[in-house]
Structure formats: structure tokens, C-alpha cells
Amino acid sequence: MKERYNAQEIEQRWRETWDKKKVYEAKVEKGKEKYYVLEMFPYPSGRIHMGHVRNYTIGDVVARYKRSRGFNVLHPIGWDAFGLPAENAAIQHGAHPAKWTEENISQMKTQLKLLGFSYDWTREIATCHPSYYKWEQMVFTRMYEKGLAYKKATTVNWCPSCETVLANEQVEDGCCWRCEHIVERREMDGWFFKITEYADELLDGARELKDGWPDSVLSMQKNWIGKSTGAHIQFPLQEQVAGERHLEVFTTRPDTVFGVTYMSVAPEHPLAGDLIKREFEKDALKFIERVKKQTSLERIAEGAKKEGVFTGSYCINPFTNERIPIYLANFVLIEYGTGIIMCVPAHDQRDFEFAKGHGLPIKLVIKPDGQGLNVDDMTEAYIEPGIMTDSGEFSGISSEAGKEKIIEYVESRGIGKRQINYRLRDWGISRQRYWGAPIPMVYCEDCGAVAVPDEDLPVELPIEVNFEGDGGSSLSKIESFVRTTCPNCGGKARRETDTMDTFVESSWYFLRYASPNYDKDIFDREEVNYWAPVDQYIGGVEHAILHLLYSRFFTKVLRDLGMSNLDEPFVNLLTQGMVIKDGAKMSKSLGNVIDPDDMIKKYGTDTVRLFILFAAPVQKDLDWNNEGVEGSFRFLNRIWNLAFDILPRTCDLKGAKPDLAKVSGSGKELLIKLNKTIKKVTDDLEKFQFNTAIAAVMELLNDTSRFKPKSDDDLIVARESVETMARLLYPMAPHISEELWSELGYNELLADSPWIEWDNELVKSAEITVVVQVNGKVRSQLVMDADSDGERMKEAAFADERTKKHISGKTPRKVIVVPKKLVNIVL
RNA sequence: GCCCGGGUGGCGGAAUUGGUAGACGCAAGGGACUUAAAAUCCCUCGGGUUAACGCCCGUGCCGGUUCGAGUCCGGCCCCGGGCACCA
């Protein structure tokens, strides 16, 4: 009896079976090789969207495939549950963030289960639970003890809409990463993680990740860290200023030090005010005021305009003993280097522009090889390497060698040193928000800042909270939380009311999955040593710097705190492209959102999964196309119909092997195709080339549909082809595959069965197609026995009529033979 | 400006180490079945030329290496992404 392909019915049945038999629960098995595959966990926003579906489908294919390859697979899921949207929902709709989050989790969990992902749900975690963030707080206190977490007052990024501080990584084009509001600069107290101390290791580690991570991500991290090597040099001040005898500068071009014609100080620099001489006060102070008022966005928008004022002060170039005027300039950044720069207009474009605008001298000290440059003719700075000139005893040295010589010189005279600088800033983790993990610190009137001791952890987020009022941190208004006693002296103390950036939670969750319910320590060492690191991590490229850099940092911190022995958290990284519609990101405002639930209702999970995998290579953006989904659905229907055409005719032939001598010619061809397909799909899955893996199965289906069995042995081949399709499609479309598998008469679950192997003898065709070229152009194709050698191929080529026509009596100069492939006759 | 990717039919995309460019799918056109439609099945589908077999051109552009280049080398152009007054 042939029945219609009823995806919903089949899918529900197999989901229940897998669930009941606990197929996906992972346990440590010492003798078995582990494989930890993980997708970036979701923020419980309320609905699963197509981006999630794509991410988790890819992960699920990997998990199922690796499991059938015999690996002990860990494939967990959880919730990145703290964060601002929950709090905003609370303010707007009155629901408590905890309740809102919990409801969203339950809704999204239902959706995920509907999609049939092979998660080990027993390991589910939500970062908002005290049993989770307790350990994060413990790590914080250890970091505090080691000086890796510290508090300082500084200029921070403030989002007025989210009413909180943001880390540098969370500011995109001067706007908030979450709400896109323009970010302001504010002077504030805040907690920082010393990620800069790991800058070099994060950079070096990239070498280790070279094979497993995409170049683009490593390059982005490298750019973000922004290492530059150079020198720190002291320029003596002509007269002391605020007790300082020198101006300190950082430069990557010490070789140009003889060309310094002025110095520039950032307007925000603490020395700026003291450097200004009375007669220049009026203009200078006005200038400082103006620059300080600008937001970072305005400062960027103003772009190339280089402005500044003379302070009236001078310093001395220690190399030339020249008197150097000191300026305040808007293009000098207070947050980079020392906030003071030596200016060499001849060899730096910004310095050049500023000098031109302010009538400052330009002194050439690097000459391009072989030719001179005339300062008066220069329209831009010469920034390339060259030969040092007009540089005293250093003249004649190449600029590259000169850098070293100058550094050696300043070190020997004690007026400077070799220095490396990074663009990377320390990670500001303080958030003036309620819905996050409390920073476990108290401020005692006598003892000052004190870390909460382990036995008092977790510092629980109080549930009773009022969001009404004038905004700001709701936590700071809960007196019962704020008021506490000092763990040191028992005296009066106040709690820290900032919570941690939610990126702290996501920086270590992947390790917690190893022992999610362990309550004696952050990890059960035995479990984490077995499962970690993550063998394959999968997620969107938008986290290239944020989450992926923080996690690498945090992993190294955990190692240095003795809590794990991992250097890197993710051995291999796969970044999937976005799901778009009509060339644009899916969004409510554009009205181009495709709801996964609707698609599943219409076609079933297997179709949706298959389409997502087939429509584009994983790394690329995927343009959602409803006709394409129909195509995938058609494909599954064709397999279904073919299977139920063949299976009833082979009931008596269950488990039989075809007798090769009795199989027809076309049957043998199908047998070869089938084995080639196994090889192709296996290779493709290893490389995450799901689109071509599916295409290969489609080809096999086409060939099998065309095949007309002429005998029982032919029927066995056809049956084998159906079985192969079910087996190969399993990681991608598991439900229909499991159904066909059971229809084929197997009692053991396909989910528990090993991967299918190809027969090496049967991937070689009996016949090969040899391409004949004349002068490199294809002129003919010959079908020959597969064991034909080069001589035979040559003979056949020359005997071929079509080839003869193109040779037309000319003498071949040369004949190239590629065994089993091609003959090229050169005339 | 610097650093990563990438440019192949109407579209999404295939092409081991250089060896038949366009697999597979979508869309489109034609046909079969049907009272009709849907579904299904069959055929065509890069451009030019030819009655046809064929032949010529064709993987962003220019040049090179090679018997042979989408693939390798050099020089450009364009698109996407990251960083960006970083000294």
C-alpha cells in the first residue's frame, strides 16, 4: 500500500522515539573518542527565527554525522538569559524580567524540539540562574585578587537609550550595538577586565587557530587588537610643567626623530592646561572646550580637518637639541599611546596637513632610494621606507635598520625604550542595569572595596524590584540589597550595584555544559577535561570580535586561575552566513520575515532543513526563496514515492546481496553510482559542503528513478539504492530517513547505526570517457575500458574519425596523455 | 588608506593536485496525462552562427607561464566585510 508522504506525522513519531530512547544523552566514555559540537546559544527573545534554524541545522548535521562515525558526541543547548530586552519588556509590559525570560525560553524550547535537533536536553542551562552565575562571581573575585579585574574612573561609552555603559567592542560606528542610538562619552567609575594583558597571547594564539578558523575572523581580531611596535621616547621640556620634566611620546617611526618640527598634545591631556602660557590662554582654552564637547561621532564626522593651537611652551629634541614648539591638536587621541605625539610632517600625512595649515617647518629626514625629494614640491608626506638623511650619525642607514639603531640609542642613554602598543582597550564590564549578574563587591566605610568571600556566593539578584521612576539602575534603589555588612570587619557596607556585561556569561558557558549541574565547583574537572575544548563551534560572523574574543580571553584567564587547562576554547570555527529575503535582512519593518513555524507546518522540518542546507554554501548568505523550498519538498516526495514503488516488490529480498554476475548492465551502473555517491557525500560532509552532498543524493535519485529493474538481482540493487539514500540523507533530513530505514526492515534505529561505507571496487567504473583534444581544444570523446593504458588511449585517439578530421594530414609535434582522462594532440 | 573575502548562465550555485566550464536545484518555454486545474512525467534551456553534423566566442579587465588556465603568476577594475586622525 502506497501512502502519501506525511511529514508532520512521521516527524512527530520519530522525535518521540528518539526522546524516549534517550538517544542524544551524552556520557563520558573513556575509551571512545569525543566530539564536542556547539552552536552559539540563543538569547531568549521569544521566537526562533530563520537565522537560528540555519545555525542549529548546520550543528545538527555535524552532530548526527559525527555520532554515526562512532564519536562520542556532546551536543548541548542553553540560554543566554540575562540582558536588556527582558528589562525593557518589564518596563513596558510590567512582566518581571525573570518571568518574561522564562516564558520565552519555554516557547523557544518547544520550537527547537519541533525542529528535531539532537540536543542533550539534560544539560540545558540558563545563565540567569544563581547556580550558574555563582561561579562567574567566584571567577570575578579571583580576577580581582590577581588584579585582572579592577575599578577605575575613566571616559566611557554611554548609551543614553539603554542607560548603561558599553564596552568598546559594543560600539559600532559611534552607535550602540543593540539599539543603534548615538553613544556619548562620559566620565564614570566602572569595573574592567584586563584583556590588554592578554593582547599578545590572543594575537599569538591566532597562529594555533589558523587551520580551524576562517581567515576573516582571525584578521578581524588581529585588526581589533592592533599591535604596533616602536619606541617610547622622552623629550625634555624647556621648563618644568606641573612637576614634569619631559613629554613622553610613543612612535612607530623612531627613524624619523630627526625630522620632528613640533609636538602635539591631546586637548584632554592632564598636562594640557599647564602647558598653556598666559598669552595663548584665550584661544587654547576655547579650543579645549570645543573639542571636549564633541561626541566621538562628531569628531569622526569632522574627519580630516586638523586643528590645533600653540601652547607657548617648548621642549627639546634630544637628538638635535632643537627647540620644538608644543601644540594642542584635535587629531591626537588621549586614549592611545601617551596622548602626546612627536610630529614629523615630512613623513606622516596628518602631521604634514597640520604643518601646512599652521605654517610649521617641514624637515626631510628619509629619502627614497636613489633620489632626492624637494620639500617645497611635496604635496603629501613621504611615508614609505628609505634612507635616513640629515640625521647626524644615523644618516645613510636604511629606515628599517634605523628604527632599531634609534631604539638602541635611546635605551643606552636612558631617555626611552622599545615599546609595543595595542589598540585593544580593557573590557569595561560594568552595566548600570538590573537584569544581569551582580558584581560581587562590597564597599566598606573602613576597609574600602572588599570582594565577597566564596561562602557568601552567589550574590543573588533580588527578585523584588520596581522599575518605575526616573530610569537608571533599579538595583541601586533596592535598599535591602544595597545595605550590607563588610565581610572583613562586619561594619557598615554597601554593595556594588552594577551588574556584569552579559558577554561575561557567554564567555564560559561552553565549559559549564560539561558538568551543568555540578555544585561543588565551577566545573567537574574530570568531565571538563574529557569534553573540552569545543571541537566545532558554529555561529554568526557578527560575533567575530565580541563574543569570540572575550571567550578566548576568559578561557586563558580560567587557565591562569588554575580552573582549567585550556589555552583556546574553540578548535574549529564555522561562521555561517545570514538568512536574507529578496536581498535584504529579514525584518518586521520590511515585512519580509519568514516564520520557521509556518514553513514547518506546511512542509515539515526535513524539507526546511534540506532547503537551508542546499540553497547556499554554509559560509555564504542565503536568500530565502519559497520556490526553492518547494523544490526540496518535491525531492523528498520523489524519494518517498520511489521507495514505496520499490520496497513492496522486494519484501522477499530483504537483506539479500545482488549477484554481480546476474545484475544487468544498467544495474551495474547504478551500483557504481551508488557507491560513488557514498564517497562523495562522506567527503562533502567532512568539509561541511552540504549543498553538494545533497546534490549528489539528488543525482542518485534521478538515476534510480530512470532504472528499470529486469530481475531480482536488479531489484536488490534498486533496494540498496533506496537504503543508501536514507542512510546518506540521515544527518540532513533525519525523520524521513529514519522512517524509510524502518520500512526497509531494520529494527535498530538509524540514529544509532554506523555510517555507511562505500565499496572501493565499485567506485571504479568499468568504462571511462577519454577526452581527445587537438591543440588543446576538445574535439572528441571516446568510451574505453577502464584498464586502457596510455598507448591504447593514443591509438584510439588517432583512430577516431572526428579527431582525424582535425589533424587533417598534419604531423603531430607532441602528444600528451593523462592516464584514464585525456589525450592532447599538438600539431 | 590598511587588512580579509569574493567576481562563473535569467537566479542560487557545481567543477580532486591545472585536464570535457555550467553538476544539482529554481525560474522560464514546449509537450504528455486530465473535461479542466493542481500534482506528476518527458524534452529544451550561456551567446553567436548553421538546414543539419558542426564551428566560433565565453568564468570581472589586460598581460604572462603551459600542450592545456575558472584554477597558477604579474598588473588593474568592481563588490562585500573588518579597522580607521592608532602616531
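Letters go in sequence order (proteins before strands), and every chain restarts at 1.
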A:N691 CG to B:rU8 C1', straight-line distance once rounded to whole Å: 15 Å
Sugar-phosphate only, base, or nothing, as touched by A:K222 at under 4.0 Å among non-hydrogen atoms: nothing
Whole-angstrom distance between B:rC11 and B:rG46, as gauged at atom C1': 13 Å
Whole-Å P distance, B:rG25 and B:rU40: 13 Å
Closest-nucleotide 5' rank along RNA chain B - winner of A:G776 and A:M342: A:G776
Sugar-phosphate only, base, or nothing, as touched by A:D215 at under 4.0 Å among non-hydrogen atoms: sugar-phosphate
Pairwise C1' distance, B:rU66 and B:rG60 [rounded to whole Å]: 23 Å
N/O (side chain, A:H806) to phosphate O (OP1/OP2, B:rC55) under 4.0 Å: yes
Among B:rU20, B:rC41, B:rA87, the nucleotide that comes nearest once only the side chain of A:V771 is considered: B:rU20
Closest to the A:K680 side chain, choosing from B:rA15, B:rA87, B:rG25: B:rA15
A:R634 vs B:rA39: side-chain N/O to OP1/OP2 distance below 4.0 Å: no
A:E353 CD - B:rG1 P separation (whole Å): 14 Å
Contact under 4.0 Å: A:T692 side-chain N or O vs B:rG13 OP1/OP2: no
Rounded distance in Å between the P positions of B:rU17 and B:rC4: 23 Å
Candidates B:rA84, B:rG82, B:rC57 - which lies nearest the side chain of A:R423: B:rA84
Between P of B:rC83 and CG of A:L549, the distance in whole Å: 12 Å
Flag for A:T692-A:D684: side-chain donor and acceptor within less than 3.5 Å: yes
Residue A:A695, side-chain heavy atoms: nucleotide from B:rG82, B:rA14, B:rA23 that is nearest: B:rA23
Candidate nucleotides B:rG54, B:rA14, B:rU20, ranked by approach to the side chain of A:R802 - the nearest: B:rG54
B:rG10 and B:rA27, which share atom name C1', separated by this distance in whole Å: 8 Å
For B:rU40, the Watson-Crick or wobble partner whose two distances fall under 3.5 Å: B:rA32
Residue matched to B:rG68 through Watson-Crick or wobble contacts both under 3.5 angstrom: none
Separation of atom CD in A:E699 from atom C1' in B:rC24, rounded to whole Å: 6 Å
Pairwise C1' distance, B:rG48 and B:rG30 [rounded to whole Å]: 23 Å
A:F614, nearest nucleotide to its side chain (from B:rG12, B:rA14, B:rC4): B:rG12
Atom-to-atom span, CZ of A:R638 to P of B:rG25 - whole angstrom: 7 Å
Rounded interatomic separation in angstrom, taking CH2 from A:W224 and C1' from B:rG81: 15 Å
Sugar-phosphate only, base, or nothing, as touched by A:R706 at under 4.0 Å among non-hydrogen atoms: nothing
A:T252 side-chain proximity, nearest of B:rU20, B:rC57, B:rA87: B:rA87
Watson-Crick or G-U counterpart of B:rU16, or none if no pair lies under 3.5 Å: none
A:W224 side, atom CH2; A:L202 side, atom CG - distance, nearest 0.5 Å: 13.5 Å
Sugar-phosphate, base or nothing in reach of A:G631, heavy atoms under 4.0 Å: sugar-phosphate
Nearest listed nucleotide, side chain of A:E627, among B:rA27, B:rU20, B:rC85: B:rA27
Paired nucleotide for B:rC53 [Watson-Crick or G-U wobble; both distances under 3.5 Å]: none
Complement of B:rC83, any strand, by Watson-Crick or G-U distances under 3.5 angstrom: B:rG1
Parallel, tilted or perpendicular, as decided by the 30° and 60° cut-offs, for the rings of A:H543 and A:H547: perpendicular
Spacing between A:I341 atom CD1 and B:rA87 atom C1', to the nearest angstrom: 5 Å
Interatomic distance where CD belongs to A:Q781 and C1' belongs to B:rG19 [whole Å]: 13 Å
Syn or anti conformation of B:rG9, syn meaning chi within 90° of 0: syn
B:rA23: pairing nucleotide in any strand, Watson-Crick or G-U under 3.5 angstrom: none
Parallel, tilted or perpendicular: rings of A:F633 and A:Y5 (30°, 60°): tilted
Quiz item: A:K814 side-chain donor-acceptor pair to B:rC67 base, under 3.5 Å: no
Phosphate OP1/OP2 of B:rC55: any A:R779 side-chain N/O under 4.0 Å: yes
Whole-angstrom distance between B:rC83 and B:rG12, as gauged at atom P: 27 Å
B:rG18 versus B:rG68 - spacing of their P atoms, nearest Å: 16 Å
Step-by-step side-chain hydrogen bond (donor to acceptor under 3.5 Å, both in side chains) determination, A:S780 to A:D800: CA-CA 8 Å; A:S780 186; A:D800 180 56; 2.7 Å; yes
Basic-acidic side-chain contact under 4.0 Å: A:E699, A:K680: no
Under 3.5 Å donor-acceptor pair, A:N824 side-chain atoms to B:rC67 base atoms: yes
Residue A:N702, side-chain atoms from C-beta onward, closest of B:rC55, B:rC67, B:rG25: B:rG25
Listed nucleotide nearest any side-chain atom of A:I816, set B:rG19, B:rU20, B:rC4: B:rG19
Between A:Y603 and A:F611, ring centroids under 6.0 Å: no
Side-chain donor-acceptor contact under 3.5 Å, A:R4 with A:N637: no
Pair A:F503 + A:W177: ring centers closer than 6.0 Å: yes
Toward the 5' end of RNA chain B, by each residue's nearest nucleotide, A:N775 or A:K821: A:K821
Sugar-phosphate only, base, or nothing, as touched by A:P617 at under 4.0 Å among non-hydrogen atoms: sugar-phosphate
Side-chain donor/acceptor of A:R253 to backbone N/O of A:D348, under 3.5 Å: no
No-H, no-angle donor-acceptor pair, A:Q619 side chain to B:rG5 base, under 3.5 Å: no
